[in-house]
Amino acid sequence: MATESPASFDPIELLGECVRRAILAIAPDADADPMISAGKRAELGDFQSNAAMPLAKRLGTNPRELASRIVAELELGDLCEPVTDKDIAGPGFINFRLRARALTTLLARLDSPALGLEPPAQPATVVVDLCGVNLAKQMHVGHLRATVIGDALARTFERLGENVIRQNHVGDWGLPIAMVTEKLRVESGAGRLDLDSLTLDDLDRLYKVAQKECAGQGKALEIVAKFDLGPKIEAELRAQHEEAMEHLAAAKRTLVALQAREPTVYAIWQKLYAITMGACIAACRRLDTRITEAASAGESSYGEELPGIVADLQARGLATESAGALVVRLDSPEDGAIAEPCIIRKSDGGYLYATTDLAAIRRRVQKLGASRVIYTVDARQSLHFRQVFAAARKAGYATRPGASEPSILEHAAFGMVLGEDGRPFKTRSGENVKLSDLLDEAVERALVPVAAKDDERAQSDTEPPLPESERRQIAEAVGIAAIKYADLSSERIKDYVFSFDRMLAFEGNTGPYLLYALVRIRSVFRKAAERGVAADESLPILITEPAEKALALELLRYPGQVRAVASALEPYKLCAYLYSLAGAYSSFYTACHVLNAESDAARNSRLRLCRLTARVLEDGLGVLGLPTVERM
RNA sequence: GCCCCCGUAGCUCAGGGGAUAGAGCAACGGAUUUCUAAUCCGUCGGUCGCAGGUUCGAAUCCUGCCGGGGGUGCCA
């Protein structure tokens with residue numbers, strides 16, 4: 001939505017307006033998309049318009065000729081160097097070169113407190129569903145992605161001035177939780193377990209035991225019967241099966257007791273909840289994500305709403321009975337032509353996670369007022385979300401009171417984390433890797449170069465080595481930034497290979513590289529302060545060197561890139577931008593000396609460029625949720 | 001079976017109708033009296049999975065295959 005804003009800093013927007021006017025002068029009826037982009041060939045121009053080709057196609061004219069007419073109509077003011085037919089290239093590209101004066105004007109506009117991202121007059125409410133831990137289970141790489149990507153998206157909307165509500169949809173309900181609750185009840189009742197000294201590791205272990213105890217042998221029995229493997233095996237399996245069925249029955253009774261808030265069972269469940277959430281919130285804090293217990297809305301919080309949802313859907317004829325279960329059919333084209341119906345109640349009367357998710361959509365849209373709900377959940381659940389979204393729209397749960405259109409429901413799906421062997425990231429024994437172990441290892445590995453670098457510096461420097469505690473702090477930030485950046489820097493949907501070596505490399509598109517770029521800028525300012533030099537913000541930024549120009553053009557792209565993340569729900573776009581900005585800064589830093597610049601004016605200008613770069617980097621890293629350091 | 005996603009340089013990834021397909025890593029060659037060389041500059045490297053089609057123009061859109069992954073009515 002390119003609004004006409006004389007104070008815009010964005011050359012693409014400003015140039016687009018000029019070209020749009022020129023096109024309208026030639027073809028008043030044309031849908032005049034100016035198609036401005038950064039110049040594909042830097043030697044020909046800073047920006048280009050590709051508008052002539054598609055327009056010529058529609059008008060049935062020659063594209064180069066049309067480009068020539070557009071050029072003749074162009075009124076660029078003092079934005080660009082004059083454009084002539086010589087700037088038309090190939091089939092009809094029009095190349096533009098920004099005027100040096102215009103560039104400094106635009107930079108000055110960007111250099112405002114908001115960095116070109118003014119909050120909207122009417123903030124929208126955006127709900128981000130993220131993290132998604134389960135009770136009694138350790139967090140692992142899957143939660144890492146759901147947490148890190150979700151928080152980065154939430155931060156993006158916060159930066160844009162929207163009202164963001166994070167929702168940690170905790171898996172705290174249902175039969176699996178009842179199984180482990182039952183297990184705890186039995187074990188503590190028999191005096192084999194002290195509920196007050198339980199750890200998450202204990203719970204994780206007991207969860208698996210409980211799962212196993214409740215797993216029937218139905219499949220195996222079928223096979224035995226089919227192939228007639230003998231009465232002895234069958235008897236053995238049948239005994240096992242019956243035992244499992246008893247465990248299962250007990251778990252189901254516990255589920256009922258839990259849902260009725262029966263005091264003994266509920267107290268055990270609360271313990272379970274407290275231990276899991278304590279560990280989860282600690283991990284989220286260590287990961288520098290803004291996820292608090294207050295931002296949690298567990299599945300259990302929807303429990304009481306489920307019968308009402310089902311009754312409502314049934315009463316309105318949206319849910320129908322099928323083989324004893326209650327389903328919402330979605331196979332008509334207006335529902336999205338989804339072949340598989342959405343099951344909202346099992347034939348035994350129990351509810352499913354689709355039911356809970358419907359209740360969650362209703363609360364988020366109708367009670368919290370979300371105009372957009374984003375689910376940062378792994379890609380394997382995409383069918384589930386297609387179903388639930390379609391069912392919610394059909395039922396009107398996705399529409400705010402008084403609104404004519406349903407809110408936007410989006411599944412920000414992400415791919416799997418793979419080990420370096422290309423298979424799902426697991427320990428050698430096939431277990432999930434504990435998130436906390438992963439973070440510890442990243443930090444330990446980061447400490448090695450941090451310490452080595454500091455030793456090296458201390459040898460040729462008057463300042464003594466940093467204390468161990470500070471080195472650890474730096475390594476913590478570097479390690480966390482490395483892990484988070486690896487998770488954020490490619491398209492969400494793609495699986496990615498988890499490699500400490502790659503993410504902690506200080507070369508290339510990594511978190512540490514970005515941190516280092518910022519460290520170098522901060523160091524310039526420390527040195528400047530030592531010499532009693534400070535940037536005078538009232539004096540102009542002067543762009544003369546190619547490296548200065550390249551840096552300036554990069555800086556101007558920042559606000560657009562943040563918006564691009566919000567519209568595509570793709571944090572990697574900001575990663576790529578910041579990497580490119582850090583690279584432009586490094587090249588500038590090498591080519592243009594700041595403190596020993598040729599003149600006071602140049603030094604001041606470069607200090608201002610450094611300041612602006614630092615502010616954009618800090619802002620962008622903040623949007624991604626990456627910690628920064630003063631030195632490394 | 002059906003549905004969804006992915007396939008671009010040796011490796012990790014951008015680009016999603018427009019110019020000679022770009023980065024990083026790896027390899028190789030350079031750069032440090034000066035602000036952090038965890039850096040910078042350069043070289044090398046690609047029948048964009050395959051085959052058709054649409055188009056003045058296709059890595060990009062359409063169809064069909066091939067390869068890999070995931071999902072698929074009563075787990076979450």
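So you know, we letter chains A, B, ... as the sequences are listed, proteins then strands, and number each from 1. No hydrogens, no waters, no symmetry mates; every other heavy atom, side chains included, goes into these values.
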Atom [atom1] of [X] and atom [atom2] of [N]: how far apart are they, to the nearest Å?
X: R386(A); N: C3(B); atom1: CZ; atom2: P; answer: 11 Å
X: N50(A); N: G18(B); atom1: CG; atom2: P; answer: 7 Å
X: D487(A); N: C13(B); atom1: CG; atom2: C1'; answer: 15 Å
X: L358(A); N: A76(B); atom1: CG; atom2: P; answer: 13 Å
X: R603(A); N: U34(B); atom1: CZ; atom2: C1'; answer: 14 Å

| Listed nucleotide nearest any side-chain atom of A89(A), set C75(B), A19(B), C5(B) |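 The answer is A19(B).
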
| Can you tell which of A14(B), A76(B), G18(B) lies closest to the side chain of S490(A)? |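 Minimum distance to the S490(A) side chain belongs to A14(B).
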
Going by ring-ring contact (aromatic ring centres under 6.0 Å, His included), name the residues that satisfy it together with [X], two or more places apart in sequence or in a different chain.
X: F93(A); value: none
X: H384(A); value: Y353(A)
X: Y302(A); value: H169(A)
X: Y485(A); value: none

Whole-angstrom distance between [N] and [M], as gauged at atom [atom1]:
N: C25(B); M: U39(B); atom1: C1'; answer: 16 Å
N: C40(B); M: G24(B); atom1: P; answer: 9 Å
N: C11(B); M: C44(B); atom1: C1'; answer: 16 Å
N: G57(B); M: G49(B); atom1: C1'; answer: 23 Å
N: U54(B); M: C13(B); atom1: P; answer: 35 Å
N: G67(B); M: U55(B); atom1: C1'; answer: 29 Å
N: U12(B); M: C3(B); atom1: P; answer: 29 Å
N: G73(B); M: G68(B); atom1: C1'; answer: 28 Å

| said: Is it true that, when you exclude K549(A) itself, more than 12 heavy atoms of the residues, nucleotides or ligands shown sit nearer than 6.0 Å to its NZ? | reply: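 Yes, because the 6.0 Å sphere around NZ of K549(A) holds more than 12 heavy atoms from other groups.
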
| query | Do R520(A)'s NZ or CZ and the ring of Y589(A) fall within the cation-pi criteria of under 6.0 Å and 45°? | reply |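 Yes, R520(A) sits over the ring of Y589(A).
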
Enumerate all atom pairs, one protein N or O and one N or O from nucleotides 35-42 of chain B, separated by less than 3.5 Å.
residue : atom : partner : partner atom : Å
C35(B)  : O2   : L595(A) : N            : 3.0
C35(B)  : N3   : H593(A) : ND1          : 3.3
C35(B)  : N3   : V594(A) : N            : 3.0
C35(B)  : N4   : Y589(A) : O            : 2.6
C35(B)  : N4   : C592(A) : O            : 3.2
U36(B)  : OP1  : S523(A) : OG           : 2.1
U36(B)  : OP2  : S523(A) : OG           : 3.2
U36(B)  : OP2  : K527(A) : NZ           : 3.1
U36(B)  : O2'  : Y516(A) : OH           : 2.4
U36(B)  : O2'  : R520(A) : NE           : 3.2
U36(B)  : N3   : M632(A) : O            : 3.2
U36(B)  : O4   : M632(A) : N            : 3.1
A37(B)  : OP2  : R520(A) : NE           : 3.3
A37(B)  : OP2  : R520(A) : NH2          : 2.4
A38(B)  : OP1  : K453(A) : NZ           : 2.5
A38(B)  : OP2  : K453(A) : NZ           : 2.1
A38(B)  : O3'  : F506(A) : O            : 3.2
A38(B)  : N6   : M632(A) : O            : 3.2
U39(B)  : OP1  : F506(A) : O            : 2.4
U39(B)  : O2'  : R520(A) : NH1          : 3.0
U39(B)  : O2'  : R520(A) : NH2          : 3.4
C40(B)  : OP1  : Y513(A) : OH           : 2.6
C40(B)  : O4'  : T590(A) : OG1          : 3.4
C40(B)  : O3'  : S587(A) : OG           : 3.2
C41(B)  : OP1  : S587(A) : OG           : 2.8

I'd like a table of atom pairs between the protein and nucleotides 15-17 of chain B - only N or O on both sides, under 3.5 Å - with the distance next to each one.
residue : atom : partner : partner atom : Å
G15(B)  : OP1  : Y572(A) : OH           : 2.3

| task | Indicate, yes or no, whether a donor-acceptor pair under 3.5 Å links the base of A19(B) to the side chain of N95(A). | result |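 Under the 3.5 Å cut-off, the side chain and the base do form a donor-acceptor pair.
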
NZ/NE/NH1/NH2 to OD/OE distance under 4.0 Å, [X] and [Y]:
X: R97(A); Y: D87(A); result: no
X: R329(A); Y: E340(A); result: no
X: E598(A); Y: R606(A); result: yes
X: K573(A); Y: E491(A); result: no
X: D454(A); Y: R457(A); result: yes

| So what stems show up for RNA chain B if we need 3 or more Watson-Crick or G-U pairs in a row, all under 3.5 Å? |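 RNA chain B stems, ordered by first number: B:1-7 with B:66-72, B:10-13 with B:22-25, B:27-31 with B:39-43, B:49-53 with B:61-65.
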
| query | Does N509(A) or Y351(A) map to a spot on RNA chain B nearer the 5' end, using the closest nucleotide for each? | reply |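 First, find each residue's nearest nucleotide; the 5'-ward one identifies N509(A).
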
| request: Name the residue closer to the 5' end of RNA chain B, choosing between I493(A) and Q48(A) according to the nucleotide with the nearest heavy atom. | output: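 Its nucleotide being nearer the 5' end, the pick is I493(A).
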
| said: Can you confirm whether or not the ring centre of Y572(A) sits under 6.0 Å from the ring centre of Y579(A)? | reply: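 Between Y579(A) and Y572(A), which both carry aromatic rings, the centre distance is not below 6.0 Å.
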
| Taking the six-membered ring for Trp, is the centroid-to-centroid distance between F498(A) and F425(A) below 6.0 Å? |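 Under 6.0 Å, so yes.
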
Base, sugar-phosphate alone, or nothing: which one does [X] contact when heavy atoms must sit under 4.0 Å apart?
X: A576(A); value: nothing
X: P54(A); value: base
X: I338(A); value: nothing

| Can you list the steps and then say if Y585(A) with F588(A) is a ring-ring contact (aromatic ring centres under 6.0 Å, His included)? | CA-CA 5 Å; Y585(A) 179 78; F588(A) 156 79; 5.7 Å; yes

| Set of residues satisfying side chain to side chain donor-acceptor pair (under 3.5 Å) with respect to D455(A), sequence neighbours excluded |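 Listed in chain order: R471(A).
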
| query | Among all residues two or more places apart in sequence or in another chain, which pass the side-chain contact (heavy atoms from CB on, under 4.5 Å) test with Q473(A)? | reply |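 Result, side-chain contact (heavy atoms from CB on, under 4.5 Å) vs Q473(A): E470(A).
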
| query | What residues, two or more places apart in sequence or in another chain, satisfy side-chain contact (heavy atoms from CB on, under 4.5 Å) together with N134(A)? | reply |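 By the side-chain contact (heavy atoms from CB on, under 4.5 Å) rule, N134(A) matches K137(A), H143(A).
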
| query | What do you reckon, do F93(A) and the base of G18(B) stack, with centroid distance below 5.5 Å and planes below 30°? | reply |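 Base of G18(B): not stacked against F93(A).
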
| task | Using modelled atom types only, decide if a donor and an acceptor are shared between the side chain of S296(A) and the backbone of G298(A) within a distance under 3.5 Å. | result |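 No; judged by distance alone, with no hydrogens or angles, the pair does not exist.
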
Between protein and nucleic acid, restricted to nucleotides 60-63 of chain B and to nitrogen or oxygen atoms under 3.5 Å apart, what atom pairs and distances do you find?
none

| remark: The contact string for nucleotides 66-73 of chain B, one letter per nucleotide 5' to 3', using protein heavy atoms under 4.0 Å with B, S and - for base, sugar-phosphate only and none, comes out as ---SSSSB

